[in-house]
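No hydrogens, no waters, no symmetry mates; every other heavy atom, side chains included, goes into these values.
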Amino acid sequence: MNMMLGECNKLIKQEQLFDYNIYDEHEFRPNEICVRKLKHAYIVFVISERCEPMESTLEECMTEPEALESLIYRLREHNRLFHK
């Protein structure tokens, strides 16, 4: 699967996924999963209850599709655990 941003947003809406921040669209919120674009890579990480990035959750991805797939996977697990 080679996911693009439009596809990612469609899945998020269809599956009613919550607690995410794509490309710093807003300030960090507790317990959300984020994707950030760096100069030569993308990172996916979780924000703590104190609104700080949790280093132990940091995943570096070389492509946008890889980062978005990681985001969707993490959001599905997060929502399965915390929003049932």
Is atom [atom1] of [X] surrounded by more than 12 heavy atoms (other residues, nucleotides or ligands) closer than 6.0 Å?
{"X": "Gln14", "atom1": "CD", "result": "yes"}
{"X": "His40", "atom1": "NE2", "result": "no"}
{"X": "Tyr23", "atom1": "OH", "result": "yes"}
{"X": "Glu25", "atom1": "CD", "result": "yes"}

Open item on the list: Check the orientation of Phe45 and Phe28. Use parallel for under 30°, tilted for 30 to 60°, and perpendicular for over 60°.
Closed with: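 Phe45 vs Phe28 ring planes: perpendicular.
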- [ ] Please step through side chain to side chain contact (heavy atoms under 4.5 Å, CB included) for the pair Arg29 and Ile47, ending with a clear verdict.
- [x] CA-CA 7 Å; Arg29 297 177 187 151; Ile47 298 299; over 6 Å; no
Taking all atoms of both residues into account, what is the closest heavy-atom pair of [X] and [Y], and its distance?
{"X": "Val44", "Y": "Ala67", "answer": "CG2-O, 3.6 Å"}
{"X": "Leu5", "Y": "Glu64", "answer": "CB-OE2, 4.3 Å"}
{"X": "Ile72", "Y": "Leu17", "answer": "CD1-CD1, 4.2 Å"}
{"X": "His78", "Y": "Asn31", "answer": "CE1-O, 3.3 Å"}
{"X": "Met3", "Y": "Glu69", "answer": "N-OE2, 3.4 Å"}
{"X": "Met62", "Y": "Ala41", "answer": "SD-CB, 4.4 Å"}

Task: Verdict with reasoning, Tyr20 to Glu32, per side chain to side chain contact (heavy atoms under 4.5 Å, CB included) - done: CA-CA 5 Å; Tyr20 63 92; Glu32 70 182 359; 5.7 Å; no
Can you tell me how far apart [atom1] ([X]) and [atom2] ([Y]) are? Round to the nearest 0.5 Å.
{"X": "Arg80", "Y": "Glu15", "atom1": "CZ", "atom2": "CD", "value": "13.0 Å"}
{"X": "Glu77", "Y": "Arg74", "atom1": "CD", "atom2": "CZ", "value": "11.0 Å"}
{"X": "Ser70", "Y": "Glu60", "atom1": "OG", "atom2": "CD", "value": "12.0 Å"}
{"X": "Leu71", "Y": "Cys61", "atom1": "CG", "atom2": "SG", "value": "10.0 Å"}

Open item on the list: When you compare the side chain of Pro53 with that of Leu58, does any pair of heavy atoms fall below 4.5 Å?
Closed with: no
Task: Side chains of Pro65 and Met4 in contact at under 4.5 Å (non-hydrogen atoms) - done: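 Heavy-atom side-chain distance check passes, below 4.5 Å.
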Open item on the list: Salt bridge or not between Asp24 and Arg36? Use side-chain N to carboxylate O under 4.0 Å.
Closed with: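 Judged by the 4.0 Å cut-off on N to carboxylate O distance, Asp24 and Arg36 do form a salt bridge.
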Task: Backbone of Asn79 reached by a side-chain donor or acceptor of Asp19 within 3.5 Å - done: no
Open item on the list: Under 4.5 Å between side-chain heavy atoms, counting indirect links through other Ile/Leu/Val/Met/Phe/Trp/Tyr residues: same cluster for Val46 and Leu68 or not?
Closed with: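 Hydrophobic grouping puts Val46 with Leu68.
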Task: Pair Ile22-Ile12, side chain to side chain contact (heavy atoms under 4.5 Å, CB included): steps then yes or no - done: CA-CA 11 Å; Ile22 300 174; Ile12 287 170; 4.0 Å; yes
